[in-house]
Enquirer: 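Have a look at this one.
Remember, it's a predicted structure, so these values are computed and weren't measured experimentally. All ligand and atom numbering here is 1-based and tracks the order in the structure.
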Amino acid sequence: MTVQINPSILSADPANLEAELARISTADAAHVDVMDGHFVPNLTLGLPVVARLAQVSPVPLDVHLMIDDADRWAPQYAAAGAASVTFHTEATQAPVRLARELRAGGVRAAVAVRPATPVEPLLDLLGEFDMVLVMTVEPGFGGQSFIEGTLPKVRRLRQAIGSDGGPSTVRVQVDGGVSRTTIARIARAGADVFVAGSAVYGADDPAAEIAALRALAEAPHQA
Ligand code: DX5
Ligand code: ZN
């Protein structure tokens, strides 16, 4: 299973985003948290900023929408240059229709669940998505501590998908509280895409932190 490390620029310096993206050029993607002050109690950035980031980023953009009315807005983030667009199942009327629309637009479509939202309703629909994001903190802020009770969901998803991608190529992403302390056990549970904000941008050397996280996730049984 190829592991992906996607640093979240939520913990980067918002006055220097181009330079902050350059510091994570060894990552697989840059995770961009879009918050609307309604779906979550925090407000970050929107379409014009994402469109510019897509132009200057050395790595693809993994856009995580924490916004209401995703059915209306998500396709616009695809058009703005995101490589993948993740919407929350709690903020979507028709997740399958939306995922199909995103894929038709040439981007990867992902569906996210809050910590208290079950994954079971998605299990028969996994082929409709490129990735499922299991939130491992309550969405809204960086730097929170990992919620251990989300791991059984990661395990159930991995079991449904199969190892090594199995017949499908659906990825299992985790977001929140991912660090050197937690990443090996999250990888053992079956996640293969790891978002890390404060761990990467809080480090003196983000590239070294990305490498350390990647090594732990690739060989989780040795950790
Ligand atoms: C939280 C965001 C995360 C956040 C993670 O709602 O979705 O992407 O940046 O931050 P850390 O890695 O610090 O928990
Ligand atoms: Zn996120």
Side-chain angles (χ1 to χ4, degrees), residues 3-14 17 20-21 23-24 27-46 49-50 53 57 59-68 70 73-74 77 82-92 108-117 129-151 153-154 171-187 191-204 206 209-210 212-214 216-217:
V3 156
Q4 293 187 356
I5 307 291
N6 298 359
S8 166
I9 61 167
L10 186 61
S11 293
D13 177 359
L17 289 178
E20 292 284 65
L21 285 167
R23 297 172 79 203
I24 58 158
D28 296 280
H31 183 84
V32 180
D33 290 303
V34 176
M35 306 185 190
D36 66 356
H38 293 271
F39 182 72
V40 288
N42 196 5
L43 186 65
T44 55
L45 45 79
V49 176
V50 169
L53 294 178
S57 178
V59 291
L61 297 190
D62 163 34
V63 173
H64 176 194
L65 300 178
M66 284 159 278
I67 60 174
D68 283 339
W73 293 106
Y77 284 88
S84 74
V85 175
T86 302
F87 55 85
H88 271 262
T89 188
E90 306 90 351
T92 315
R108 293 167 56 80
V111 61
V113 289
R114 288 174 176 266
T117 301
F129 306 102
D130 296 297
M131 185 165 77
V132 179
L133 165 55
V134 175
M135 286 305 300
T136 44
V137 298
E138 288 291 356
F141 302 93
Q144 304 180 74
S145 59
F146 177 73
I147 300 173
E148 207 68 43
T150 57
L151 279 184
K153 281 200 291 200
V154 174
R171 286 189 169 266
V172 180
Q173 184 179 53
V174 287
D175 181 7
V178 175
S179 68
R180 293 193 197 201
T181 313
T182 56
I183 196 167
R185 63 178 183 279
I186 306 172
D192 58 357
V193 183
F194 301 86
V195 176
S198 49
V200 169
Y201 279 106
D204 291 335
E209 194 63 27
I210 291 165
L213 291 171
R214 193 187 297 285
L216 286 165

Enquirer: Atoms of ligand 1 less than 4.0 Å from L10 heavy atoms?
Expert: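 With L10 as reference, the close atoms of ligand 1 come out as 4 (C), 9 (O).
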Enquirer: Hey, which atoms in ligand 1 end up nearer than 4.0 Å to a heavy atom of A196?
Expert: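 Heavy-atom distances to A196 below 4.0 Å select 12 (O).
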Enquirer: Quick one: nearest non-hydrogen protein atom to atom 14 (O) of ligand 1, plus distance?
Expert: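 For atom 14 (O) of ligand 1, the nearest protein heavy atom comes out as G177 N, 2.8 Å.
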Enquirer: Would you mind running through ligand 1 and noting each atom that sits below 4.0 Å from a heavy atom of P139?
Expert: 6 (O)
Enquirer: Which is the closest N/O/S atom of D175 when seen from the Zn ion (ligand 2)?
Expert: OD2
Enquirer: Under 4.0 angstrom from ligand 1, any heavy atom of G140?
Expert: yes
Enquirer: Any idea which protein heavy atom is nearest atom 12 (O) of ligand 1, and the distance to it?
Expert: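 The closest heavy atom on the protein side is G197 N, 2.7 Å.
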Enquirer: Heavy-atom contacts with G176 under 4.0 Å: which atoms of ligand 1 show up? List them by number with element.
Expert: 14 (O)
Enquirer: With carbon and hydrogen excluded and only N/O/S kept, which atom of D33 is nearest the Zn ion (ligand 2)?
Expert: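 Within D33, restricted to N, O or S, the Zn ion (ligand 2) is closest to atom OD1.
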Enquirer: With side-chain hydrogen bond (donor to acceptor under 3.5 Å, both in side chains) as the criterion, how do Q173 and D62 come out once you've worked through the C-alpha distance, each side chain's angles and the decisive distance to 0.1 Å?
Expert: CA-CA 11 Å; Q173 184 179 53; D62 163 34; 2.9 Å; yes
Enquirer: I need the contact type for S198 against ligand 1. Using non-hydrogen atoms and a strict under-4.0 Å cut-off, is it side chain, backbone, both or neither?
Expert: both
Enquirer: I need the atoms of ligand 1 closer than 4.0 Å to a non-hydrogen atom of H64, numbered in the order shown.
Expert: 7 (O)
Enquirer: Regarding atom 5 (C) of ligand 1: of the candidates D175, D62, N6, which has the closest heavy atom?
Expert: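 The option holding the nearest heavy atom is D175.
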Enquirer: How is the N/O/S atom of H64 that comes nearest to the Zn ion (ligand 2) named?
Expert: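 It is ND1 of H64.
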Enquirer: What's the shortest distance from atom 1 (C) of ligand 1 to any protein heavy atom, and which residue and atom give it?
Expert: F141 O, 3.5 Å
Enquirer: Between H88 and H64, how do the two ring planes meet: parallel, tilted or perpendicular, split at 30° and 60°?
Expert: parallel
Enquirer: Would you mind running through ligand 1 and noting each atom that sits below 4.0 Å from a heavy atom of H31?
Expert: 8 (O)
Enquirer: Just jot down the ligand 1 atoms closer than 4.0 angstrom to any heavy atom of G142, in number order.
Expert: 10 (O), 13 (O)
Enquirer: Just jot down the ligand 1 atoms closer than 4.0 angstrom to any heavy atom of V195, in number order.
Expert: 8 (O)
Enquirer: Is the closest side-chain heavy-atom distance between F146 and I186 below 4.5 Å?
Expert: yes
